[in-house]
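As a basis for the values below, the full set of heavy atoms in this structure was taken, side chains included, without hydrogen atoms, waters or symmetry mates. When a residue number appears, it is its place in the shown sequence, counting from 1. Remember, it's 1-based here, ligands and their atoms both numbered in the order they're listed. Predicted model only: the values in this text are computed from it and were never measured.
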Amino acid sequence: MLIARSSKELLNILSSLNRDHSVGFVPTMGALHPGHLSLVNSSIENNDITVCDIFVNPTQFNNPDDYKNYPVTIDEDIQKLRDAGVDILFLPTIDDIYPEGLKKISIPLGVYNEVMEGQYRPGHFDGVVTVVKKLFDLVKPTRAYFGEKDYQQLCVIRKMVEFFKIPVEIIACPTVREKDGLAMSSRNLRLSPEGRKLATQIYKAMVEAKEMFLQGLPSNEVAAAILKKYSGPLEWEYFEIRDENTFLPVENKHQKRNTSIICGCLC
Ligand code: AMP
């Protein structure tokens, strides 16, 4: 695995590749777990070259403490990517990605910027768009891999690609979960033992909500029942049953929409 520690090094490596090679790209913030590696494996299976990056992007954090405490496990990460068979790892510095300071670009994201993560993490998606646009400009991937765990982010990336007319295929990868159902996440490393136990209720709540919805209960009643049953130590930011493209609320299963249950929670 070749490691590029600057854009210049990365461009040098990429320019030596055969132009006909397909390039799969997996952007990450590190502290890698099997969820990340599922994206990496899909890329390796479907492309000639796989490029991965690890960059904790300062402009997407709306909470300075979250940024300061974001887990870093770089040596283990490098080993995992090497073992997986990644071809190129990009490890840029902040100055390299933001030579003109931490400026964000802002594109019309509509509903995605207004509800759920958009509502609770102001400026977050502008930071995501900014960094992913810069990374796409450098890597020029044929395909780029994103997890459905961050479903709203996936929609934002698709919107950005459409907005800038970037010739890349965005591949959505299913959420990888722990045995007890909790979605794998780098931030899980920061959970206390009690928080970790509590977090298993998030998946339970989602499964229960799905059952109630499929039995025909209206969405607002489903959400109310779930919030009543699972609130207390679990602090929900939102629990929504929405159309997975328009993000409009879905009233009940008879509306015949592609529906997703999306939630955000603190524990
Ligand atoms: P992050 O390092 O958290 O920015 O995540 C990098 C990419 O990995 C994003 O596209 C995430 O959606 C994806 N990802 C993170 N955790 C999981 C998971 N448990 N299952 C699938 N994809 C994931």
Side-chain angles (χ1 to χ4, degrees), residues 24-47 50-63 66-74 76-78 80-81 84 86 89-92 94 97 112 116-118 121 123-136 139 141 143-161 166 168-191 196 199-200 202-203 206-207 244 260-265 267:
F25 180 44
V26 184
T28 83
M29 298 207 296
L32 302 180
H33 51 67
H36 294 111
L37 296 177
S38 72
L39 274 56
V40 165
N41 290 333
S42 295
S43 173
I44 290 173
E45 258 173 49
N46 295 295
N47 298 279
T50 288
V51 181
C52 190
D53 99 298
I54 297 178
F55 178 64
V56 183
N57 173 36
T59 65
Q60 72 187 70
F61 286 82
N62 55 313
N63 173 348
D66 186 26
Y67 177 55
K68 213 169 63 201
N69 297 322
Y70 199 82
V72 175
T73 59
I74 192 69
E76 293 92 326
D77 291 352
I78 291 174
K80 285 177 188 171
L81 296 176
V86 165
L89 170 60
F90 182 37
L91 292 178
I94 293 176
I97 296 292
Y112 301 134
M116 300 183 283
E117 293 300 292
R121 301 175 75 184
H124 167 64
F125 286 128
D126 288 343
V128 170
V129 165
T130 303
V131 76
V132 176
K133 169 78 168 61
K134 284 169 181 277
L135 293 168
F136 279 5
V139 178
R143 300 183 185 88
Y145 295 77
F146 291 86
E148 288 177 346
K149 182 193 72 107
D150 302 289
Y151 186 71
Q152 200 165 351
Q153 169 175 276
L154 173 66
C155 297
V156 164
I157 299 294
R158 288 196 194 284
K159 185 106 185 164
M160 179 200 79
V161 163
I166 304 173
V168 60
E169 190 183 348
I170 300 301
I171 310 287
C173 301
T175 304
V176 177
R177 296 181 178 280
E178 302 284 357
K179 277 206 186 85
D180 61 14
L182 177 65
M184 290 187 178
S185 164
S186 306
R187 287 186 179 86
N188 291 352
L189 290 173
R190 294 198 323 221
L191 289 173
R196 173 65 187 81
T200 60
I202 301 171
Y203 184 60
M206 290 174 83
V207 172
E244 61 187 33
S260 270
I261 296 174
I262 309 177
C263 63
C265 194
C267 47

Heavy-atom contacts with [X] under 4.0 Å: which atoms of ligand 1 show up? List them by number with element.
| X | result |
| --- | --- |
| Leu39 | 7 (C), 8 (O), 10 (O), 13 (C), 22 (N) |
| Pro174 | 20 (N), 21 (C) |
| Phe146 | 10 (O) |
| Thr28 | 2 (O), 6 (C) |
| Pro27 | 6 (C), 7 (C) |
| Thr175 | 20 (N), 21 (C) |
| Met29 | 1 (P), 2 (O), 4 (O) |

What part of Tyr70 sits under 4.0 Å from ligand 1 if we count only heavy atoms: the side chain, the backbone, both or neither?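 For Tyr70, the contact with ligand 1 is made by the side chain alone.
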Classify the contact between Leu32 and ligand 1 as side chain, backbone, both or neither, using a heavy-atom distance cut-off of under 4.0 Å.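 None of Leu32 does.
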Atom of [X], atom of [Y] and distance for their closest heavy-atom approach:
| X | Y | answer |
| --- | --- | --- |
| Phe136 | Val168 | CE2-CG1, 3.9 Å |
| Ala84 | Val40 | CB-CG1, 4.0 Å |
| Lys149 | Met184 | CD-O, 3.3 Å |
| Thr175 | Ala183 | CG2-CB, 3.8 Å |
| Met160 | Val129 | SD-O, 3.6 Å |
| Thr73 | Leu32 | OG1-N, 4.1 Å |

Which is closest to atom 5 (O) of ligand 1 in terms of heavy atoms, Gln60, His36, Met184, Arg177?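 The option holding the nearest heavy atom is His36.
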Donor-acceptor contact present, side-chain [X] to main-chain [Y], <3.5 Å:
| X | Y | value |
| --- | --- | --- |
| Thr200 | Asp180 | no |
| Tyr70 | Ala31 | no |
| Asp53 | Thr28 | yes |

Nearest protein heavy atom to [atom], by residue and atom, and its distance?
| atom | result |
| --- | --- |
| atom 15 (C) of ligand 1 | Lys149 CE, 3.5 Å |
| atom 10 (O) of ligand 1 | Gly147 N, 2.9 Å |
| atom 12 (O) of ligand 1 | Asp150 OD2, 2.5 Å |
| atom 20 (N) of ligand 1 | Val176 N, 2.9 Å |

Judged by modelled atom types alone, do Asn69 and Arg190 share a side-chain donor-acceptor pair under 3.5 Å?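 The answer is no; no qualifying pair exists.
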So is His33 touching ligand 1 or not, going by heavy atoms under 4.0 Å?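 So His33 counts as touching ligand 1.
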Hey, is ligand 1 close enough to Tyr145 that some N/O pair sits below 3.5 Å?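 No, Tyr145 has no N/O under 3.5 Å of an N/O on ligand 1.
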If you measure every N or O of Ala183 against every N or O of ligand 1, does any of those distances drop under 3.5 Å?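 By distance alone, the answer is no.
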Should the pair Phe61 and Tyr67 be assigned to parallel (<30°), tilted (30 to 60°) or perpendicular (>60°) ring geometry?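 Tilted: the ring planes of Phe61 and Tyr67 meet at 30° to 60°.
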